[in-house]
Amino acid sequence: MLGKSVVQLDGDVMRAILDGRFGHSTNDRHALAMIYARMSRELADQGHDVVCATVSMFHDVRAWNRANILHYCEIWLRITIEELVVRHPRGLYARGRTGHIRHVPGIDIPLEEPEAPDVTLDATLPPEGVAATLFEFLETRKEAA
């Protein structure tokens, strides 16, 4: 990975760049997911490694990624809703549980968990353990290429 150009796309940052044109409904989230997917493909086609950090909610978007992005790799940072209620920095899941906000994935809108990610990371482990698992996977993947 050394010497590679890596671009990080963060869902919250991308949403802000798009200037609030999309809400949080399932349809808006799906439209945004496809924008992120097409942007990731464009950057990958230009030779960048792209890390797109989002709540990836839709099987069809992940399938599109696999079919359209060369060397696509799906990494699932698995965490329970219960843990998100406790740990989310802005308290979205806790507020969704109490009904103070709507359109929270896994609370009041469906969340399609990945069916066959390339690697699953356990977010309940300490960050060092999560990172070690990820780096081990990436090293194995690099050797297989």
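Excluded from the calculations below are hydrogen atoms, water molecules and symmetry mates; all remaining heavy atoms, backbone and side chain alike, are included.
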Pairs in or reaching into residues 86-111: which pass salt bridge (Lys or Arg N to Asp or Glu O under 4.0 Å), with residues at least two apart or in two chains? D12-R90, E82-R97, E83-R87
Mark yes or no for whether R62, through its side chain, and S56, through its backbone, hold a donor-acceptor pair below 3.5 Å. yes
Could you see if Y72 belongs to whatever hydrophobic cluster contains L138? Use Ile, Leu, Val, Met, Phe, Trp, Tyr and a side-chain cutoff under 4.5 Å. no
Could you state the interatomic distance from NE2 (H24) to CG (L92), rounded to the nearest 0.5 Å? 7.5 Å
Grab the two heavy atoms, one from H59 and one from E115, that are nearest each other, plus how far apart they are. CE1-CG, 3.5 Å
For a 4.5 angstrom cut-off between non-hydrogen side-chain atoms, does P105 reach R29? yes
Side-chain contact test, heavy atoms from C-beta onward, threshold under 4.5 Å: evaluate it for S40 versus L43 and give yes or no. no
Kindly say whether E74 contributes a backbone atom to a donor-acceptor pair with the side chain of D118 at under 3.5 angstrom? yes
Are any non-hydrogen side-chain atoms of I109 and M57 less than 4.5 angstrom apart? yes
With a 4.5 Å cut-off on side-chain heavy atoms, are R141 and F137 touching? yes
Pairwise distance OH(Y93) to OG1(T80) - rounded to 0.5 angstrom: 11.0 Å
Whether R15 side chain and G23 backbone form a donor-acceptor pair below 3.5 Å: yes
Inspect the surroundings of CD in E112 and state if more than 12 heavy atoms from other residues, nucleotides or ligands are less than 6.0 Å away. yes
Where is the tightest heavy-atom contact between P110 and T26, given as atom of each residue plus distance? CD-OG1, 4.4 Å
Determine whether I75 and Y36 fall in the same hydrophobic cluster, where Ile, Leu, Val, Met, Phe, Trp and Tyr are linked whenever their side-chain heavy atoms lie under 4.5 Å apart. no
Residue pair A44 / V50: nearest heavy atoms and the distance that separates them: N-CG2, 3.8 Å
Side chains of I107 and I81, heavy atoms from C-beta outward: is any pair under 4.5 Å? yes
Residue pair T124, D122: steps toward the side-chain hydrogen bond (donor to acceptor under 3.5 Å, both in side chains) verdict: CA-CA 5 Å; T124 62; D122 181 356; 2.5 Å; yes
Can you tell me how far apart CD1 (I69) and NE2 (H71) are? Round to the nearest 0.5 Å. 12.0 Å
For the hydrophobic clusters of this structure (ILVMFWY residues joined by side-chain heavy atoms under 4.5 Å, transitively), does one cluster hold both F22 and M14? yes
Spatial distance of atom CG (L134) from atom OG1 (T120) [nearest 0.5 Å]: 11.5 Å
Looking just at side-chain N and O atoms, do S5 and H48 make a donor-acceptor pair shorter than 3.5 Å? yes
Same hydrophobic cluster for L125 and L77, using side-chain heavy-atom links shorter than 4.5 Å among ILVMFWY? yes
Output for pair (W76 CH2, E113 CD), nearest 0.5 Å, gives 4.0 Å
If Ile, Leu, Val, Met, Phe, Trp and Tyr residues are connected whenever their side-chain heavy atoms lie under 4.5 Å apart, and connections chain through other members, are L9 and M34 in the same group? no
Under 4.5 Å between any side-chain heavy atoms of V61 and H30, yes or no? yes
Just how far is it from atom NZ of K142 to atom OG1 of T140, taken to the nearest 0.5 Å? 10.5 Å
